[in-house]
Amino acid sequence: MPSAESKTAATTAGSGGVQSLERAFDLLERMADAGGEVGLSELSTSSGLPLPTIHRLMRTLVACGYVRQQPNRRYALGPRLIRLGESSSRLLGTWARPYLARLVEETGETANMALLDGDEVVYVAQVPSRHSMRMFTEVGRRVLPHTTGVGKALLADTPPEEVRALLARTGMPAATEKTITSPEVFLDALRQVREQGYAVDDNEQEMGVRCLAVPVPDSPAPAAISISGPAGRVTDEATQEIVPILQEVAAELSGALAA
């Protein structure tokens, strides 16, 4: 039976790619999946590559600044990746704008796109509503996930123990009197998101504002899109009309990102 390494070589040869590049990016993604810090033996087990091969690739990544070796000899994602991530986030927002514009056209409300960055939600794109009374969130703004609809959409499929750990780190401060400040209540809200297919921020980030959000399926990084507007316009009745549009646009955006 061929080894994982020979299978990778065959796949790479067939696709016309560069094997070492594919392996290096695969290792970076495995490190991210493991929380950003791993040992060589863990990478060898998960990737199926021999230790000498992994050691050689990691040496190159360390020299380039994309990986750093910790005092405990384990390897962590390096600071140079931050620059790449910031640039790709800006591009992602640019690519999303036509889809957000369609949301504004069809719902009349401000449309947003957000990513999960560590323990925070960061807004990477927005197209404002044409109403004189409208919501505005500055692109680049960071908020805590428990206060927002996009935060709920982004965390809906995260294992409960990971959600609890995140909430313990953030402390769940209240943004308004309606902000969820209990981990168990928030976990129950995430269960509702999974069941109904969308998230709601009901005056939880800002009084008088309601937000509806859905995740972007199969996004290369956890992403969600949303609409936000005055609570008097984003009613329960309006929600039934807006959510299918949100889900359709999210699916189209997902296809565009995959392409």
Side-chain angles (χ1 to χ4, degrees), residues 85-157 175-176 178-180 189-190 193 196-235 238-239 241-257:
E86 290 175 344
S87 296
S88 64
S89 294
R90 286 194 296 270
L91 283 173
L92 190 59
T94 300
W95 294 332
R97 281 187 62 82
Y99 298 89
L100 300 183
R102 179 189 158 193
L103 275 177
V104 174
E105 185 69 29
E106 297 197 23
T107 69
E109 304 299 344
T110 295
N112 315 279
M113 182 176 188
L115 305 178
L116 188 63
D117 183 18
D119 292 345
E120 298 177 315
V121 169
V122 57
Y123 289 92
V124 296
Q126 180 179 87
V127 175
S129 165
R130 296 187 180 89
H131 288 291
S132 56
M133 182 181 291
R134 61 192 181 197
M135 303 305 104
F136 178 78
T137 298
E138 183 180 357
V139 172
R141 183 187 179 198
R142 291 174 175 271
V143 296
L144 295 179
H146 73 282
T147 67
T148 63
V150 283
K152 293 175 187 173
L154 288 164
L155 292 176
D157 290 324
T176 74
K178 296 196 69 175
T179 304
I180 297 173
L190 297 187
V193 175
Q196 63 193 16
Y198 66 96
V200 180
D201 161 10
D202 187 5
N203 296 273
E204 295 161 50
Q205 174 63 34
E206 185 177 346
M207 291 303 295
V209 177
R210 293 190 86 218
C211 173
L212 307 174
V214 299
V216 178
D218 302 317
S219 174
I225 58 174
S226 68
I227 64 93
S228 54
R233 287 205 305 258
V234 187
T235 61
T239 296
E241 299 178 3
I242 292 171
V243 167
I245 301 171
L246 267 171
Q247 293 170 331
E248 183 178 331
V249 172
E252 291 180 1
L253 178 56
S254 173
L257 293 175

Query - Distance-only donor-acceptor check, side chains Gln205 and Thr147, under 3.5 Å - result: yes
Query raised in the report: Do Ser226 and Asn112 have side-chain N/O donor and acceptor atoms under 3.5 Å apart?
Result: yes
Who passes side chain to side chain donor-acceptor pair (under 3.5 Å) against [X], sequence neighbours left out?
X      : answer
Glu248 : Arg102
Arg97  : none
Glu120 : Arg142
Glu241 : none

How would you list, by chain and number, every residue that makes a side chain to side chain contact (heavy atoms under 4.5 Å, CB included) with [X], sequence neighbours excluded?
X      : value
Val193 : Lys152, Ala156, Ala199
Pro244 : none
Ala224 : Val150, Ala153, Leu154

Query raised in the report: Taking only residues at least two apart or on different chains, which pairs with a member in residues 218-231 satisfy salt bridge (Lys or Arg N to Asp or Glu O under 4.0 Å)?
Result: none
Query - Side-chain (Ser254) to main-chain (Ala250) donor-acceptor, under 3.5 angstrom - result: no
Query raised in the report: Is Thr179 reaching over with its side chain to a backbone N or O of Thr176, donor-acceptor style, under 3.5 angstrom?
Result: yes
Just verifying a value: how many Å separate [X] [atom1] and [Y] [atom2], rounded to the nearest 0.5 Å?
X      : Y      : atom1 : atom2 : result
Leu253 : Trp95  : CG    : CH2   : 10.5 Å
His146 : Leu190 : NE2   : CG    : 12.0 Å
Tyr99  : Glu252 : OH    : CD    : 7.0 Å
Glu109 : Leu103 : CD    : CG    : 11.0 Å
Arg233 : Ser228 : CZ    : OG    : 10.0 Å

[X] vs [Y] side-chain heavy atoms within contact, under 4.5 Å:
X      : Y      : result
Ile225 : Val249 : yes
Arg210 : Val200 : yes
Ile245 : Thr107 : yes
Tyr123 : Met113 : no

Query raised in the report: Who passes salt bridge (Lys or Arg N to Asp or Glu O under 4.0 Å) against Asp119, sequence neighbours left out?
Result: Arg169
Report summary line: Ala189 and Ile180 have their tightest heavy-atom pair at CB-CD1, 4.1 Å
Query - Closest approach of Val214 to Leu246 (non-hydrogen atoms, all atoms of both residues) - result: CG2-O, 3.7 Å
Report task. Given side chain to side chain contact (heavy atoms under 4.5 Å, CB included), test Val209 with Asn203 step by step and report yes or no. Result -> CA-CA 5 Å; Val209 177; Asn203 296 273; 5.8 Å; no
**Report entry** Residues Lys178, Asp202; criterion salt bridge (charged side-chain N to carboxylate O under 4.0 Å, His left out); working and verdict
**Finding:** CA-CA 8 Å; Lys178 296 196 69 175; Asp202 187 5; 3.5 Å; yes
Report task. Walk me through it: do Val121 and Leu144 pass the test side chain to side chain contact (heavy atoms under 4.5 Å, CB included)? Result -> CA-CA 6 Å; Val121 169; Leu144 295 179; over 6 Å; no
**Report entry** salt_bridge(Glu105, Arg130) N-O dist < 4.0 Å
**Finding:** yes
Report summary line: Result for side chain to side chain contact (heavy atoms under 4.5 Å, CB included) between Pro222 and one of Leu116, Leu155, Leu115 points to Leu116
